Amino acid sequence: DIKEVITMLWQDQTARDRIAALKIAVEKTADGQTAGILGTAFTYLNKLNTPSIFWVLSKDESPLILNYDPDFENKQANRCNKVLCIGNSSEKENSLRPILALITQSVMRLNNRSARGEKEINGRIPLLLAIDEFPTLRLNNAERIPAVGRSRKIITCFAFQDLSQLQEQYGTQSARTIIANLATQFWGMASGLDTANYINRLFGKRLVKKLSHSKGRSQNHYHIPLLSTENHRNNSRSKNRSINQSEQWEDALPIHEVAEMQVGEFAALLPYNNPVHQRKRLVYEKEESAAIPEVSSIDNLQTHYDEIRT
């Protein structure tokens, strides 16, 4: 009997979480739609039900308010700089994505807000939000982060490989809104035709001056004696040279140049009164960095998990 099996498995703490969706589906036979919705929700939440995730999120070790220095009035105190670094794993990308989005969304909610009172205004310090592989993270109202955060000393840096990735995660319209709100933009080699076309249109056209040279000879029409010398015949012809200057509009960054960019080469769109286009190649210089000190250690992972569950 399926109900007896569920009752038996329900006595085990770990098995209880695994069969929760099945138990609800059996009990809600009269309401299949409700059972399906709840079962699907439990299935997704079940991916986060691991001892390691419980260990990371169960203790308040990292303050999420990063852009406020409570000791700003003490001029001798060091600025309260903090670094919060979170990363995904290619092996567990889909499972960890909701947790990373939750942390990032919470950080932005706490930091990207209007200052409350003069003390908080004076104590606010710049905050850099840098997200690599941005399309792998789904954030609500992501287009508002650079638009609103700019006035609150928040520097937003979103990095992605291709425009199609951003459109797939956020939709075409939202993706273009996000890009439009990023004032300074760096674009590198793009193999996708849609991305290359977008970059081409983004940089627009520029007025190019061109010089054209022309040469020619003309025959002087007057009587030349039959017995004239060679020198006389040469003097009867004149050489013409002309230089013409013209202006025409051309693509500032043609599509074929986008596809032919080298590694480390970027075209930059800088936000001045008159947009400035620059094209440079960056050289990576490796620097020695100090090891990150260990702030905590994983001890008795399963025991910690069981204590929370009970």
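Remember, it's a predicted structure, so these values are computed and weren't measured experimentally. No hydrogens, no waters, no symmetry mates; every other heavy atom, side chains included, goes into these values. Starting from 1, each residue takes its place in the sequence as its number.
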TODO: Look only at the side chain of Q105 and the backbone of N140, and say whether a donor-acceptor pair between them is shorter than 3.5 Å.
DONE: yes

- [ ] Measure from the side-chain N and O atoms of N197 to the backbone N and O of L193, and report whether any donor-acceptor pair falls under 3.5 Å.
- [x] yes

- [ ] Using modelled atom types only, decide if a donor and an acceptor are shared between the side chain of N67 and the backbone of L127 within a distance under 3.5 Å.
- [x] no

Open item on the list: Between R138 and Q169 (side chain of the first, backbone of the second, donor and acceptor by atom type, cut-off under 3.5 Å), is there such a pair?
Closed with: yes

Task: Distance-minimising heavy-atom pair for A159 and P135 - done: O-CD, 4.1 Å

Task: Side-chain donor or acceptor of N111 paired with backbone N/O of L64 under 3.5 Å - done: yes

Open item on the list: In this structure, would V56 and L84 fall into the same cluster of hydrophobic residues linked by side-chain contacts under 4.5 Å?
Closed with: yes

- [ ] Hey, could you give me the OG1/CD1 distance between T156 and I145, rounded to the nearest 0.5 Å?
- [x] 6.5 Å

Task: Note, M108 side chain near I154 side chain (heavy atom, < 4.5 Å) - done: yes

Task: Separation of L182 CG from L269 CG (nearest 0.5 Å) - done: 11.0 Å

Task: CE (M189) with more than 12 external heavy atoms under 6.0 Å - done: no

- [ ] Identify whether M8 and I6 are in the same connected component of the hydrophobic contact network (ILVMFWY, side-chain heavy atoms under 4.5 Å).
- [x] yes

TODO: Go through the steps for V258 and N200 under the test side chain to side chain contact (heavy atoms under 4.5 Å, CB included), then give the verdict.
DONE: CA-CA 8 Å; V258 176; N200 172 260; 5.6 Å; no

Task: Worked check of side chain to side chain contact (heavy atoms under 4.5 Å, CB included) between F54 and N49 - done: CA-CA 7 Å; F54 270 62; N49 185 18; 3.5 Å; yes

TODO: Answer with yes or no whether the hydrophobic clustering places V107 together with I155; edges join I, L, V, M, F, W, Y residues whose side-chain heavy atoms lie under 4.5 Å apart.
DONE: no

Task: Co-membership, hydrophobic cluster, residues L102 and I53, 4.5 Å side-chain - done: no

- [ ] Verify the neighbour count for atom CD of E91: are there more than 12 heavy atoms of other residues, nucleotides or ligands below 6.0 Å?
- [x] no

Open item on the list: Looking at every non-hydrogen atom in both residues, tell me the closest pair between T195 and S164 and how far apart they are.
Closed with: OG1-N, 4.2 Å

Open item on the list: Looking only at side-chain N and O atoms, does Q165 offer a donor or acceptor that is under 3.5 Å from a partner on E133?
Closed with: no

Open item on the list: Quick one: does any side-chain atom of Y170 pair with a main-chain N or O of L139 as donor and acceptor, under 3.5 Å?
Closed with: yes

- [ ] Give the cluster check for L128 versus L66: same hydrophobic cluster or not, with ILVMFWY residues linked at side-chain heavy-atom distances below 4.5 Å.
- [x] no

- [ ] Please name the pair of heavy atoms, one in R109 and one in R113, separated by the smallest distance, quoted to 0.1 Å.
- [x] O-CB, 4.2 Å

Open item on the list: Please report the interatomic distance CE(M261) to NE2(H256), rounded to the nearest 0.5 Å.
Closed with: 10.5 Å

- [ ] Determine yes or no for a side-chain-to-main-chain donor-acceptor pair under 3.5 angstrom, with R97 supplying the side chain and T136 the backbone.
- [x] yes

Open item on the list: Would you say the ring centers of F160 and F134 fall short of 6.0 Å from each other?
Closed with: no

- [ ] Would you confirm whether R124, through its side chain, and Y68, through its main-chain N or O, come within 3.5 Å as a donor-acceptor pair?
- [x] no

Open item on the list: Give me the atom names and distance for the closest heavy-atom approach of D251 to R206.
Closed with: O-NE, 4.0 Å

Task: Rounded distance (nearest 0.5 Å) linking atom CZ of F158 with atom CD1 of I131 - done: 5.0 Å

Open item on the list: Between S151 and V148 (side chain of the first, backbone of the second, donor and acceptor by atom type, cut-off under 3.5 Å), is there such a pair?
Closed with: yes

- [ ] Search all heavy atoms of A142 against all heavy atoms of I178 and return the closest pair with its distance.
- [x] CB-CD1, 4.1 Å

Open item on the list: Between R152 and S114, do the side chains contain a donor N or O and an acceptor N or O under 3.5 Å apart?
Closed with: yes

Task: Euclidean distance, Q167 CD relative to D162 CG, rounded to 0.5 Å - done: 8.5 Å

Task: Polar side-chain atom of Q185 near backbone of I179 as donor-acceptor pair, under 3.5 Å - done: yes

Task: Atom pair CD1 (I199) and CD1 (I255), whose distance is rounded to the nearest 0.5 Å - done: 10.0 Å

Task: Other residues, nucleotides, ligands: >12 heavy atoms within 6.0 Å of E93 CD - done: yes

